[in-house]
Amino acid sequence: MTPFAEAGEATTIQQLDGALRDGISPGAGVLERLALTLERDIADLRPHIEARAEASEQGATADLMENGRREAEAMAALLQRQIDKVRDAMRSKQPPEASEQLDFFGPTEDEIRQQNEREMRQFEADRRSWDGKLLRLQQELDSEPEKVRRGYEVQARRLEPIGLVYLWPATN
């Protein structure tokens, strides 16, 4: 048993579609005869099915690898934009300037000093937070795009026949 070429296959698909629509089944004797050859027919067709599956697999694998490459590049670009934003924020924010302005009804010198200390502590906390975020983002830039790319690699391959359809002429 061998498969048809593409033209024969297209005709066979049309015939199968018509047969399924009509719902006519061969007689019991024909079904018994076909059941006896089922395993041999699958074994005869297996090399052809495997060759087709391999060609399909190569195309699918290439598509997956391309998707993985694009996704990894997009991830790297996103992380780089985040790194750039943090660096810009670090450059633009300056330490608070000490306030020394005293007036008759305003805060006392001690209150001004406390306010300056609070602002400086907040600035230092922001700076440490940015340093930590920058470090984390850089580590992610080094590792995450590769993880994304690897997520698109083929992990398993399996080919199992799930059925076999016989078209039997109505005259027999």
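A donor-acceptor pair under 3.5 Å links the side-chain atoms of Q155 to the main chain of E153, judged by distance alone. With hydrogens and angles disregarded, no donor-acceptor distance shorter than 3.5 Å links the side chain of S129 to the backbone of A125.
In this structure, CG in L135 is found 10.0 Å from CD in E140, a value given to the nearest 0.5 Å. With rounding to the nearest 0.5 angstrom, the CZ atom of R87 is 14.0 Å from the OG atom of S92. Between the CZ atom of R136 and the CD atom of Q139 there is a distance of 9.0 Å, given to the nearest 0.5 Å. Taking CD1 of I83 as the start and CG of L79 as the end, the distance is 6.5 Å to the nearest 0.5 Å. Interatomic distance, NZ of K147 versus CE of M75, reported as 10.0 Å (0.5 Å rounding). Note that the CG atom of L78 and the CD atom of E71 stand 11.0 Å from one another [nearest 0.5 Å].
With a 4.5 Å cut-off on side-chain heavy atoms, D41 and Y166 count as touching. Side-chain contact between R157 and E57 is present, with heavy atoms from C-beta onward closer than 4.5 Å. Looking only at side-chain heavy atoms (C-beta outward), D131 and M90 come within less than 4.5 Å of each other. The shortest side-chain heavy-atom distance between R121 and E124 does not fall under the 4.5 Å cut-off. No side-chain heavy atom of Y152 sits less than 4.5 Å from a side-chain heavy atom of M65. Side-chain contact between I42 and I49 is absent, with no heavy-atom pair separated by less than 4.5 Å. Side-chain contact check for P161 versus R46: some heavy-atom pair is nearer than 4.5 Å. Here the side chains of D63 and E66 are not in contact, with every heavy-atom distance at 4.5 Å or above.
Applying side chain to side chain contact (heavy atoms under 4.5 Å, CB included) to D142 and the options E144, Q138, E146 leaves one that passes, Q138.
The nearest pair of heavy atoms linking R69 to R149 is N-CG, 4.5 Å. Of all non-hydrogen atoms in L159 and A53, the two that sit nearest each other are CD2-CB, 3.9 Å. Shown here for V165 and L16, the closest heavy-atom pair between the two residues is CG1-CD1, 3.4 Å. Of all the heavy atoms in A72 and P145, the pair that sits closest is CB-O, 3.2 Å.
Cluster membership for L164 and V30, using ILVMFWY side-chain heavy atoms within less than 4.5 angstrom, is shared. Hydrophobic clustering of Ile, Leu, Val, Met, Phe, Trp and Tyr side chains at less than 4.5 Å, counting indirect connections, unites V148 with V154. L167 and I13 fall into different hydrophobic clusters, where Ile, Leu, Val, Met, Phe, Trp and Tyr side chains are chained together by heavy-atom contacts under 4.5 Å.
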- Task: Would you please test Q115 and R118 for side chain to side chain contact (heavy atoms under 4.5 Å, CB included) and show each step?
- Result: CA-CA 5 Å; Q115 176 66 26; R118 278 194 300 274; 2.7 Å; yes

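In summary, D84 and R81 do not engage in a salt bridge, as defined by a charged side-chain N under 4.0 Å from a carboxylate O.
Here I24 sits alone; no ILVMFWY side chain lies under 4.5 Å from its own, so it joins no hydrophobic cluster.
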